[in-house]
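So that the names make sense, note that chain A is the first sequence line, chain B the second, and so on, each numbered from 1.
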Number of protein chains: 2
Amino acid sequence: MTSPRSPRTGSPADGSHGRHGADGVGGPSVRVPERGIPEATVARLPVYLRALTGLSERGTATCSSEELAGAAGVNSAKLRKDLSYLGSYGTRGVGYDVEYLRYQIAREIGVTQDWPVVIVGIGNLGHALAKYSGFSSRGFRIVALLDADPRRQGEEVAGLGVRPFEEVDALVERHRVAIGVIATPAVAAQEVCDRLVAAGVTSILNFAPAVLSVPEGVDVRKVDLSIELQILAYHEQRKTLADVLDGTPVASGAVRS
Amino acid sequence: MTSPRSPRTGSPADGSHGRHGADGVGGPSVRVPERGIPEATVARLPVYLRALTGLSERGTATCSSEELAGAAGVNSAKLRKDLSYLGSYGTRGVGYDVEYLRYQIAREIGVTQDWPVVIVGIGNLGHALAKYSGFSSRGFRIVALLDADPRRQGEEVAGLGVRPFEEVDALVERHRVAIGVIATPAVAAQEVCDRLVAAGVTSILNFAPAVLSVPEGVDVRKVDLSIELQILAYHEQRKTLADVLDGTPVASGAVRS
DNA sequence: AGGAGTTTGTGAACGGGAGAACAAACCGAG
DNA sequence: CTCGGTTTGTTCTCCCGTTCACAAACTCCT
């Protein structure tokens with residue numbers, strides 16, 4: 001039984017995507033082609049997709065790996081290697097057909113279909129996410145906004161009413177939701193996560209500053225605003241520190257007392 | 001001259017933090033202790049910091065690497081190695097003093113001081129960021145909200161008025177701002193970025209779905225909501241695909257037509 | 001004081017990703 | 001048809017990060 005109700009293992013959920021445990025014990029199963037695309041490559045495919053969309057809108061029919069790499073902000077060798085995991089979609093001496101490659105990447109990622117998504121926690125961030133147009137335009141459709149606070153329920157955001165969190169099971173089942181977004185305060189995050197998983201959600205995007213534990217087979221990605229700032233602060237501190245020790249006169253704006 | 005006005009190189013800005021170019025040619029400079037903390041470790045330090053804060057609030061005075069690792073969602077060996085880059089702050093046979101370690105990490109990251117920050121682009125996301133309490137509570141102080149749209153200017157958000165973007169130079173200089181947040185539409189992002197850098201900002205957190213080019217010495221971190229969702233979609237697609245090919249009956253909520 | 005039990009800090013093996021470099025393949029001109 | 005120019009796909013090497021395993025160091029109990 002790999003039901004969503006299986007006991008939660010203290011799995012990392014730090015970005016290492018828990019593959020199915022069905023490894024090794026599996027019988028003579030048919031084995032999916034196993035084009036195991038490296039995680040680092042998967043993370044870049046959406047960037048390439050966006051760059052290709054840009055080129056396409058500008059009317060470009062064909063592009064070289066150099067051009068595309070420039071638009072995506074990566075090394076051209078890396079780009080070619082990434083694309084080679086998907087197959088040989090380019091033509092030597094010519095380059096890549098923009099539309100064709102765009103479709104192939106979209107298909108590989110899975111955004112040719114569109115994915116129903118629920119957002120839990122309609123506070124400041126939840127509002128912004130609900131109204132963010134970048135989701136709908138890229139293969140994702142927000143089908144429900146949930147919040148535990150009765151004062152928020154009933155409010156209309158981006159054409160959708162905010163529903164009580166208790167309806168999570170019914171909504172997830174009705175719309176076949178596989179992806180959930182958590183934008184609640186940190187204290188509520190784990191509980192919300194458990195309920196989402198129990199309802200059948202198997203991928204979670206977590207904006208709450210909390211570490212989530214999930215059963216195997218459930219993917220969690222974390223977006224943490226203050227952590228990003230702290231990483232910048234670290235480098236910033238080292239920059240000014242190095243400048244001071246080097247005796248290099250620093251630019252006025254960068255001086256720190 | 002490493003002034004912010006130096007010509008922009010087409011540097012990646014994909015997370016590879018451009019170290020100062022002053023490497024190799026440097027004379028007999030004093031060289032900062034060069035405790036080069038690995039990038040992966042730096043990214044985890046804020047997580048440890050948060051976990052320690054949690055333990056501290058719960059009244060824990062001491063913790064083992066195992067406990068802390070559990071709270072931070074990582075492997076205990078990794079945690080110990082990460083901490084070892086900062087120094088030997090633990091006691092064998094005992095563990096770590098929560099308060100002491102907390103301070104050491106905070107100091108290393110640079111959040112014992114507080115960092116003035118400007119936010120550019122006060123749309124949906126900008127609003128949410130301005131009101132997000134997680135910033136102020138963690139060593140960051142929002143000193144200005146900027147927007148190019150006159151209709152947004154003057155509006156009061158989180159106790160701060162929205163100012164015209166033209167004031168960026170004055171504000172950055174007056175408050176000694178080193179960190180800027182971009183929450184504008186994609187088309188405006190590069191221009192805003194250039195202006196910020198010209199004004200003296202040397203670290204940028206970018207929420208716009210665009211690739212930014214910056215001069216060397218400027219750090220950019222990107223947070224892209226739809227890319228995160230697309231990565232989840234990829235894994236989700238593979239999950240259901242694998243299940244179908246394996247003939248494994250999938251849980252009801254996870255079925256996809 | 002000594003020994004058993006814990007827990008840290010680190011050396012070493014291992015795996016994955018990045019980048020350089022090159023052979024294979026394609027186009028177009030003559 | 002052949003040849004030069006161009007661009008992809010891939011191989012090889014290096015480096016970073018993760019993990020294991022263990023010696024060193026500390027506490028507590030007898």
Worksheet entry | Closest non-hydrogen atom pair, A210(A) against A186(A) | CB-O, 3.9 Å

Fill in: 5' to 3' contact window, DNA chain C with chain B (heavy-atom distance under 4.0 Å)
dT6(C) to dA12(C)

Discussion item. In the structure I gave you, are the side-chain heavy atoms of R138(A) and L49(A) within less than 4.5 Å of one another anywhere?
Written reply: no

Discussion item. Any residue in residues 40-61 of chain B with a heavy atom nearer than 4.0 angstrom to DNA chain D? Just list them by number, or reply none.
Written reply: A40(B), R44(B)

Worksheet item: Taking atom P of dT11(D) as reference, at what distance in whole Å does atom NZ of K81(A) sit?
Response: 9 Å

Worksheet item: Is the backbone of E67(A) close enough, under 3.5 Å, to the side chain of S64(A) for a donor and an acceptor to pair up by distance?
Response: yes

Practice prompt. Whole angstrom is fine here: how far is it from CG in N75(B) over to C1' in dA21(D)?
Written response: 13 Å

Practice prompt. Could you give me the CA-CA distance, side-chain angles and deciding distance for D97(B) and R102(B), then say whether salt bridge (charged side-chain N to carboxylate O under 4.0 Å, His left out) is met?
Written response: CA-CA 8 Å; D97(B) 182 287; R102(B) 201 167 84 88; over 6 Å; no

Worksheet item: Toward the 5' end of DNA chain C, which comes first, R80(A) or R92(A), by nearest nucleotide?
Response: R80(A)

Item to complete: Just do the side chain to side chain contact (heavy atoms under 4.5 Å, CB included) check on T184(B) and V120(B) with the steps written out, would you?
Response: CA-CA 7 Å; T184(B) 65; V120(B) 184; 3.9 Å; yes

Worksheet entry | Nearest-angstrom distance from the residue atom CD of E66(B) to C1' of dT19(D) | 13 Å

Discussion item. Can you tell me how far apart OG1 (T60(B)) and CG (L52(B)) are? Round to the nearest 0.5 Å.
Written reply: 10.0 Å

Worksheet item: Rounded to whole angstroms, how far apart are CG on D82(B) and C1' on dT18(D)?
Response: 10 Å

Worksheet entry | Under 3.5 Å donor-acceptor, W115(B) side chain and Q230(A) backbone | no

Worksheet entry | Whether E228(A) side chain and L205(B) backbone form a donor-acceptor pair below 3.5 Å | no

Discussion item. Can you pull out the residues from residues 94-104 of chain B that lie within a 4.0 Å heavy-atom distance of DNA chain C?
Written reply: V94(B), G95(B), Y96(B)

Discussion item. If you compare all heavy atoms of V201(A) against all heavy atoms of V218(A), which two are closest, and at what distance to 0.1 Å?
Written reply: O-CG2, 4.4 Å

Worksheet item: Y89(B) and Y96(B): ring-ring contact (aromatic ring centres under 6.0 Å, His included), yes or no, with the steps?
Response: CA-CA 7 Å; Y89(B) 295 141; Y96(B) 301 92; 8.8 Å; no

Worksheet entry | Any S64(A) side-chain nitrogen or oxygen under 4.0 Å from OP1 or OP2 of dT7(D) | no

Fill in: Closest non-hydrogen atom pair between I37(A) and E108(A), with its separation
CD1-OE2, 3.5 Å

Practice prompt. Quickly work out the K78(A) NZ to dG9(D) P distance and round it to whole Å.
Written response: 18 Å

Item to complete: Take the protein atom CG of L79(A) and the nucleotide atom P of dG9(D), then report the distance between them rounded to whole Å.
Response: 10 Å

